[in-house]
Student: 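Quick one: the structure is below, questions incoming.
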Amino acid sequence: MKIKVPASSANLGPGFDSIGVAISLYLTIEVLGESDCWQVDHSLGDLPRDEKNMIVQAALSVKPDLHPRRLRVESDIPLAHGLGSSSSAIVGGIELADQLGGLNLAPHEKIEIASQLEGHPDNVAPTILGSLVVGCKVNGHFTAVKAPVPPFAMIAYIPAYNLKTSDARAVLPAEMSFKDAVQASAVANTAVAALFAQDYEKAGELMEADLFHERYRSRLVPELEIIRNLGHEHGAVATYLSGAGPTIMSLVDPQHISDFIDAVREAGLKDEIRRLEVAPRGAFWQE
Ligand SMILES: Nc1ncnc2c1ncn2[C@@H]1O[C@H](COP(=O)(O)OP(=O)(O)O)[C@@H](O)[C@H]1O
Ligand SMILES: N[C@@H](CCOP(=O)(O)O)C(=O)O
């Protein structure tokens, strides 16, 4: 029995903490059997191999009396790179508790639990539902709405360096003026409207007009502005900082992928580039 959990790319520019898209990188959790204590076999560096592992912690937060298992965990989601690895671990743990504990949780219940653990729904909601999702907290609970999937290739530039989400959140201001908040919110609202209207020229312009976080984080990820400017000349509809970075995500016309990648390389950017797709499906069990 295996759980397959997609990664996620959050914010899409102005949708800070509220918009995200599931993408075709996966965390896989295989249940090997019951055990006297939690055991997590993985090759993911120095992550915990016992009940302290984030996946187990998420599972126990849902069902504290869950009997220990031995798990085999594999993942092609880079850690601390703005591709939602922590959110995939949280969602994987919730799926584990749901299945092993026979809880029969509905998607909205999983979103509520995961968003409470994460603090915001932009990674966990698409990881649970699949596709592109817009969500927020309202009246004390989280809610999310699926949007149409943009018909573009997701070209990820994945820098070799890590950037922990906590560090990238630490550079954000504690508050902003009412005037700035109204403008930042208007940009986000119109970006969402354009995504639902499938007006991707307008959506792209607005995705690159964030006023909440990118202007503070761009000094941590100097490649963002370079790739964004290249994209305007080489077939990218929009380029944004994926999650808290450092991955930079570009929505590229499938006919211009090679031209876009060549331009990035010619600009001297030598780190990993991966062509990803939107994952239409959220976390699911495989026999
Ligand atoms: N597959 C996993 N299993 C257990 N813990 C994980 C896993 N993936 C991520 N984590 C936890 O999340 C942390 C990375 O989270 P974060 O800094 O938010 O980066 P990201 O952008 O990848 O979400 C890791 O240091 C680890 O503590
Ligand atoms: N809205 C969050 C998204 C964090 O995503 P991650 O993939 O970096 O964990 C933020 O921008 O801090």
Side-chain angles (χ1 to χ4, degrees), residues 3-12 15-23 27 29 38 40 47-48 50-66 68-69 71 73 75 77 79-80 82-147 164-170 172 174-175 185 188 192 212-213 242-244 279 281-285:
I3 313 166
K4 197 166 179 187
V5 189
S8 58
S9 175
N11 300 329
L12 277 71
F16 178 72
D17 276 8
S18 64
I19 304 179
V21 61
I23 52 175
L27 164 70
I29 305 168
W38 285 99
V40 185
L47 295 183
D50 57 14
E51 71 283 349
K52 297 185 189 66
N53 185 288
M54 188 179 274
I55 296 168
V56 178
Q57 287 295 302
L60 295 174
S61 74
V62 178
K63 188 159 175 46
D65 64 347
L66 200 59
R69 265 42 177 214
L71 309 174
V73 172
S75 182
I77 309 171
L79 303 189
L83 293 169
S85 70
S86 57
S87 303
S88 298
I90 288 170
V91 169
I94 293 169
E95 289 295 336
L96 202 61
D98 183 41
Q99 185 75 14
L100 298 179
L103 304 177
N104 198 25
L105 293 172
H108 76 271
E109 293 174 305
K110 296 174 184 175
I111 289 172
E112 184 68 31
I113 295 164
S115 300
Q116 292 287 2
L117 288 172
E118 181 88 333
H120 40 87
D122 50 332
N123 289 102
V124 293
T127 301
I128 291 165
L129 297 178
S131 189
L132 193 158
V133 181
V134 185
C136 72
K137 189 170 188 176
V138 61
N139 298 325
H141 70 93
F142 286 91
T143 190
V145 182
K146 263 181 137 175
K164 290 184 70 173
T165 300
S166 53
D167 293 341
R169 291 181 81 91
L172 301 180
E175 56 190 27
S185 170
V192 170
F212 286 113
H213 65 112
S242 181
R281 192 177 178 194
F284 63 95
W285 281 86

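The figures here come from the full heavy-atom set of this structure, side chains too, leaving out hydrogens, waters and symmetry mates.
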Student: Work out which heavy atom in Gly84 is nearest to a heavy atom in Asn123; give both atom names and the distance.
Tutor: CA-ND2, 3.6 Å
Student: If I take atom CZ from residue Arg69 and atom CG from residue Leu96, how far apart are they, to the nearest 0.5 angstrom?
Tutor: 7.5 Å
Student: Taking all atoms of both residues into account, what is the closest heavy-atom pair of Phe142 and Gly119, and its distance?
Tutor: CZ-O, 4.1 Å
Student: Work out which heavy atom in Gly282 is nearest to a heavy atom in Pro6; give both atom names and the distance.
Tutor: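 Shortest heavy-atom separation between Gly282 and Pro6 comes out as C-CD, 3.7 Å.
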Student: To the closest 0.5 Å, what do you measure between CG (Leu105) and NZ (Lys63)?
Tutor: 11.0 Å
Student: How far apart are the C-alpha atoms of Leu71 and Val56, what are their side-chain angles, what is the distance that settles it, and do they pass the side-chain contact (heavy atoms from CB on, under 4.5 Å) test?
Tutor: CA-CA 9 Å; Leu71 309 174; Val56 178; 4.2 Å; yes
Student: Quick test of your reading: applying side chain to side chain donor-acceptor pair (under 3.5 Å), list the pairs with at least one residue in residues 87-109, sequence neighbours left out, ordered by first then second residue.
Tutor: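 Applying side chain to side chain donor-acceptor pair (under 3.5 Å) to every pair that reaches into residues 87-109, excluding sequence neighbours, yields Ser87-Glu118, Glu95-Lys110.
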Student: So how far is it from Ser61 OG to Ile90 CD1, rounded to the nearest 0.5 Å?
Tutor: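 If we round to the nearest 0.5 Å, Ser61:OG and Ile90:CD1 are 8.5 Å apart.
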Student: Would you mind reporting whether Trp38 and Leu60 have side-chain heavy atoms less than 4.5 Å apart?
Tutor: yes
Student: Which distance, rounded to the nearest 0.5 Å, do you find between the CD1 of Ile3 and the CG of Leu27?
Tutor: 8.0 Å
Student: With a 3.5 Å distance limit and no angle check, can you tell me whether Ser75 reaches the backbone of Ile77 through a side-chain donor-acceptor pair?
Tutor: yes
Student: May I have the step-by-step check of side-chain contact (heavy atoms from CB on, under 4.5 Å) for Asn53 and Val73, ending in yes or no?
Tutor: CA-CA 11 Å; Asn53 185 288; Val73 172; 5.8 Å; no
Student: Would you check, one step at a time, whether the test side-chain contact (heavy atoms from CB on, under 4.5 Å) holds for Leu47 with Leu79?
Tutor: CA-CA 10 Å; Leu47 295 183; Leu79 303 189; 3.8 Å; yes
Student: What I want to find out is whether Asp167 reaches Arg169 closely enough, with some N-O distance under 4.0 Å, to be called a salt bridge.
Tutor: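 Result for this pair is no, no salt bridge flagged.
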Student: Can you tell me if Lys52 has over 12 outside heavy atoms packed within less than 6.0 Å of its NZ?
Tutor: no
Student: Working to the nearest 0.5 angstrom, can you tell me the gap between Ser18 OG and Asn11 CG?
Tutor: 7.5 Å
Student: Keeping Glu51 on the side-chain end and Gln57 on the backbone end, is there a donor-acceptor pair under 3.5 Å?
Tutor: no
Student: What residues, two or more places apart in sequence or in another chain, satisfy ring pair (Phe, Tyr, Trp, His ring centres under 6.0 Å) together with Phe16?
Tutor: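 So Phe16 forms a ring pair (Phe, Tyr, Trp, His ring centres under 6.0 Å) with His213.
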Student: Nearest 0.5 Å, what's the NZ-CG distance between Lys137 and Asp17?
Tutor: 12.0 Å
Student: Test your reading of the model: is there a side-chain donor-acceptor pair from Ser9 to the backbone of Val21, 3.5 Å cut-off?
Tutor: no
Student: Could you tell me which non-hydrogen atom of Gly140 sits nearest to which non-hydrogen atom of Glu112, and how far apart they are?
Tutor: O-OE2, 3.9 Å
Student: Quick one: closest heavy-atom pair of Ile128 and Pro107, and the distance?
Tutor: CG2-O, 4.2 Å
Student: If you look at every heavy atom in Ala188 and Phe212, which pair is closest and at what distance?
Tutor: CB-CE1, 4.4 Å
Student: Under the side chain to side chain contact (heavy atoms under 4.5 Å, CB included) test against Ile111, which residue among Val124, Ile94, Leu129 passes?
Tutor: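 Testing Ile111 for a side chain to side chain contact (heavy atoms under 4.5 Å, CB included) against Val124, Ile94, Leu129 leaves exactly one candidate, Leu129.
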Student: Report the C-alpha distance between Leu83 and Ser8 in whole Å, list the side-chain angles of each, state the deciding distance to 0.1 Å, and finish with yes or no for side-chain contact (heavy atoms from CB on, under 4.5 Å).
Tutor: CA-CA 5 Å; Leu83 293 169; Ser8 58; over 6 Å; no
